[in-house]
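Here is the structure we will look at.
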Amino acid sequence: MKKLYSAVSLPDAHLIRNLLEEAGIEAHVLNENAQGGVGQLPVMEAYPQIWIVDERDLPRARKLIEAFESMPAIGNNLRCTYCSEDNPSTFQLCWNCGSSLG
């Protein structure tokens, strides 16, 4: 196994692992519960880590990580004028009532 990446959060780590596995790269998340040890462990050692099983997948896995990191951040939420629910800025219809957000 080869360490590929240290994620800033556990959800990011699982998202990246899922992206890798969809591409046929076997990967595991390690340090899932280590963030509770911050203060007793070095911060960087407590981050969730993604490890790949086959080192031959490393170049392809790094390209997927680069694509993930270059994705635009989700902007501010949009509030629906009909039901007042917050929606991600990428939504065109309200998740709650189906009204247009445009």
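Just so it is clear, the model here is predicted, and its values are computed rather than measured. FYI, side chains are in, hydrogens and waters are out, and symmetry mates aren't considered; it's all heavy atoms of this structure.
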Where do K63 and F68 land on the side-chain contact (heavy atoms from CB on, under 4.5 Å) test, with the steps shown first?
CA-CA 9 Å; K63 286 183 182 180; F68 173 80; over 6 Å; no
Could you please spell out the steps behind the side-chain contact (heavy atoms from CB on, under 4.5 Å) verdict for L10 and V29?
CA-CA 9 Å; L10 193 53; V29 175; 4.1 Å; yes
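Side-chain atoms of D12 do not come within 3.5 Å of backbone N or O of V8 as any donor-acceptor pair. Checked by atom type and distance alone, the side chain of D54 never pairs as donor or acceptor with a backbone atom of I52 at under 3.5 Å. Under a 3.5 Å cut-off, the side chain of R62 and the backbone N or O of L4 do not form any donor-acceptor pair.
Counting only N and O atoms by type, the side chains of H28 and Q49 include no donor and acceptor under 3.5 Å apart.
Listed by first and then second residue, the salt bridge (Lys or Arg N to Asp or Glu O under 4.0 Å) pairs involving residues 18-27 are R17-E21 (not counting sequence neighbours).
Of all heavy-atom pairs spanning N77 and P88, the tightest one is OD1-CA, 3.8 Å. M1 and W51 get closest at one heavy-atom pair: CE-CB, 3.8 Å.
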May I have the list of side-chain donor-acceptor pairs in residues 91-102 shorter than 3.5 Å, sequence neighbours left out?
residue : atom : partner : partner atom : Å
W95     : NE1  : D86     : O            : 3.0
S100    : OG   : G102    : N            : 3.3

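The hydrophobic cluster containing L78 does not contain Y82, counting ILVMFWY residues as joined when their side-chain heavy atoms lie under 4.5 angstrom apart, directly or transitively.
For R60, the CZ atom sits in a packed shell: over 12 heavy atoms of surrounding residues, nucleotides or ligands are nearer than 6.0 Å.
Annotation: the span from L58 atom CG to K3 atom NZ amounts to 12.5 Å, rounded to 0.5 Å.
Using a 4.5 Å heavy-atom threshold, the side chains of N31 and Y47 count as separate. Two residues are said to be in side-chain contact when any heavy atoms from C-beta on lie closer than 4.5 Å; L64 and I25 meet this criterion.
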